[in-house]
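For reference, the structure is listed below as structure tokens.
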Amino acid sequence: MSAAAIPVTVLTGFLGAGKTTLVNRLLREAHGRRFAVIENEYGAVNVDADLLVNGGGETIVQLTNGCVCCTVRGDLADALEQLAARRAAGEIAFDHVLIEPTGLADPGPIVRTFMAGTALQARYFLDGVVTLFDGLNGLRSLGESVEAQAQLAYADRVLVTKTDLLDSAAAVEAVVAKVSAANSVAVVAAIDLLTAPWDEMFDKLLQLRGYQFDRVVFAPALTDSNRVEHTRGVGSVLFTAESPLDGADLKAALAAIDQRYGEQLWRIKGVLAIHGLRSRIILQGVQGLLQTHSSTPWRMFEPQRTQLVLIGRDLDRDWLLQQLGDCVVAPAEPSIHGVPMPRRPG
């Protein structure tokens with residue numbers, strides 16, 4: 001990733017979750033930020049003529065509040081390259097890209113676009129996926145739509161909307177808890193898309209670093225022991241180990257997991273301790289595409305602890321934990337000059 005690369009946020013959410021409301025605010029209000037908003041041809045945002053710096057039937061238009069609106073009718077990568085070229089030529093200006101796919105879209109292919117090692121990585125980097133979740137109807141949508149489940153599974157942050165339509169604060173907390181259980185990687189928070197000030201909005205939309213390899217920060221809810229939680233099909237499995245993993249065994253285990261689940265396993269994210277390596281290994285995975293990078297070294301006497309989260313549909317917790325648990329290297333027997341030391345009773 002280039003130091004001058006432009007951050008990209010993918011804004012997802014099932015039909016009715018509020019994406020159009022948020023994007024309309026972004027394109028119309030004076031907030032002092034310069035975004036390029038990319039929506040596909042099925043998007044519901046209509047750019048009024050009086051909002052344009054230069055009118056006409058262009059696919060890319062500069063708005064009076066400093067933002068750019070781009071409608072994509074073909075390949076996303078081509079649209080991003082076109083935006084970058086026009087920015088470099090001084091024709092348009094933006095500092096952040098917001099991609100809004102249709103409410104029926106699985107965001108996985110978009111995420112893979114930024115992880116697949118293409119030329120785009122010299123110009124852009126994926127900051128994170130934000131999913132808007134309808135507090136009133138979202139749980140029902142999860143039970144009926146695989147796309148809604150996928151949108152939740154890929155999220156680095158989930159913003160629960162329409163909470164004003166719920167009966168009580170306890171009802172809001174119940175929705176937040178169920179969403180957090182389904183995706184234990186994401187930070188989940190309620191928000192009012194119509195009245196939230198821009199400082200709050202940008203704090204929750206930007207600088208997520210969800211797909212960066214210099215660190216992995218799990219959600220505060222990710223503190224329990226190994227477990228799986230389900231919200232009507234989508235669930236999280238947390239694997240932890242207090243001893244390093246064998247690298248070859250882990251590679252085989254991940255291959256077996258991919259063979260069993262395929263595209264049902266939407267996301268893998270974790271910090272790994274690998275036997276024989278001095279540094280932490282950061283693992284990110286999307287639909288079978290896995291990437292690993294070295295991170296900070298383990299300090300002397302620091303416990304080398306693995307934390308790995310798998311998010312997918314109808315996951316078998318016991319089988320997954322068995323596959324990964326078999327990769328743990330047994331601690332060496334304590335010895336003095338190669339002679340095993342007797343263990344204390346009990």
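As the structure is a computational prediction, the values presented were derived from the model and not from experiment.
In this structure, CD1 in Ile191 is found 8.5 Å from CG in Leu132, a value given to the nearest 0.5 Å. For the atom pair Arg34 CZ and Gln62 CD, the distance stands at 8.5 Å (nearest 0.5 Å). In this structure, the separation between CG on Leu308 and CG on Leu238 is 8.5 Å, given to the nearest 0.5 Å. Atom-to-atom distance recorded for Lys19:NZ and Thr131:OG1 is 9.5 Å, nearest 0.5 angstrom. A distance of 10.5 Å separates CG of Leu321 from CG of Asp326, quoted to the nearest 0.5 Å. Atoms CD and CG, on Gln259 and Leu254 in that order, are 13.0 Å from each other to the nearest 0.5 Å.
Geometrically, Arg25 engages Trp198 in a cation-pi contact, judged by NZ or CZ lying under 6.0 Å from the ring centre and within 45° of the ring axis.
Taking all atoms of both residues into account, the shortest heavy-atom contact from Ala93 to Val68 is O-CG2, 3.8 Å. In this structure, Asp95 and Ile6 approach most closely via the heavy-atom pair O-CG2, 3.6 Å. Minimum interatomic distance between Gln287 and Pro109 (heavy atoms only, all atoms of both residues): OE1-N, 4.3 Å. Heavy-atom minimum distance, Val329 versus His275: CG2-CB, 3.9 Å. When all heavy atoms are compared, the tightest approach of Ala186 to Arg157 is CB-N, 4.1 Å.
Using a 4.5 Å cut-off on side-chain heavy atoms (C-beta onward), Leu320 and Tyr261 make contact. In this structure the side chain of Gln291 never reaches within 4.5 angstrom of the side chain of Val286, judged on heavy atoms. The closest side-chain heavy-atom distance from Val61 to Thr71 is not below 4.5 Å. Taking 4.5 Å as the limit, every side-chain heavy atom of Val130 sits out of range of all side-chain heavy atoms of Val10. With a 4.5 Å cut-off on side-chain heavy atoms, Ile281 and Ser294 count as touching. Using a 4.5 Å heavy-atom cutoff, the side chains of Val309 and Asn183 are not in contact. Contact check for Ile257 versus Leu324: side-chain heavy atoms found under the 4.5 Å cut-off.
Within the 3.5 Å criterion, the main-chain N or O of Cys327 finds no donor-acceptor partner in the side chain of Asp246. Using a distance-only test at 3.5 Å, with no hydrogens or angles considered, no donor-acceptor pair links the side chain of Thr102 to the main chain of Ala105. Proximity of a side-chain donor or acceptor of Gln304 to a complementary backbone N or O of Ala273 within less than 3.5 Å is not detected. Without hydrogens or angle criteria, Ser145 side chain to Ser141 main chain gives no donor-acceptor distance under 3.5 Å.
Grouping the Ile, Leu, Val, Met, Phe, Trp and Tyr side chains by contacts below 4.5 angstrom, directly or via other members, places Ile282 apart from Trp298. Hydrophobic cluster membership is shared by Val158 and Val146, with clusters built from Ile, Leu, Val, Met, Phe, Trp and Tyr side chains linked at under 4.5 angstrom. Two different hydrophobic clusters hold Leu194 and Leu26 under the rule that ILVMFWY side chains link at heavy-atom gaps under 4.5 Å.
Chaining together hydrophobic side chains whose heavy atoms lie under 4.5 Å apart places Met300 alongside Phe301.
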Checking salt bridge (Lys or Arg N to Asp or Glu O under 4.0 Å) for the pair Asp156/Arg267: CA distance, chi angles, key distance, verdict? CA-CA 11 Å; Asp156 299 290; Arg267 192 166 183 192; 2.9 Å; yes
Might you work through the salt bridge (Lys or Arg N to Asp or Glu O under 4.0 Å) test for Arg123 and Glu81, ending with a clear yes or no? CA-CA 8 Å; Arg123 302 177 184 268; Glu81 289 289 358; 2.9 Å; yes
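Here the options are Glu263, Gln264, Gln149, the test is side chain to side chain donor-acceptor pair (under 3.5 Å), and the partner is Arg313; only Gln149 passes. Tested against Ile38, the residues Leu98, Ile60, Leu80 include a single side chain to side chain contact (heavy atoms under 4.5 Å, CB included) partner, Leu80. Each of Glu100, Glu147, Gln151 was compared with Thr12 under the side chain to side chain contact (heavy atoms under 4.5 Å, CB included) criterion, and only Gln151 meets it.
The pair Glu302-Arg280 meets the salt-bridge criterion, since a charged nitrogen lies less than 4.0 angstrom from a carboxylate oxygen. A salt bridge does not link Arg87 to Glu91: none of the charged nitrogens lies less than 4.0 Å from a carboxylate oxygen. For the pair Asp316 and Arg260, the salt-bridge criterion is met [side-chain N within less than 4.0 Å of a carboxylate O].
Using a 30° and 60° split on the angle between ring planes, Phe35 and His31 fall in the perpendicular class, above 60°.
Every residue meeting the side chain to side chain contact (heavy atoms under 4.5 Å, CB included) condition with Ala241, not counting sequence neighbours, appears here in chain and number order: Phe239, Leu245, Thr306, Val328.
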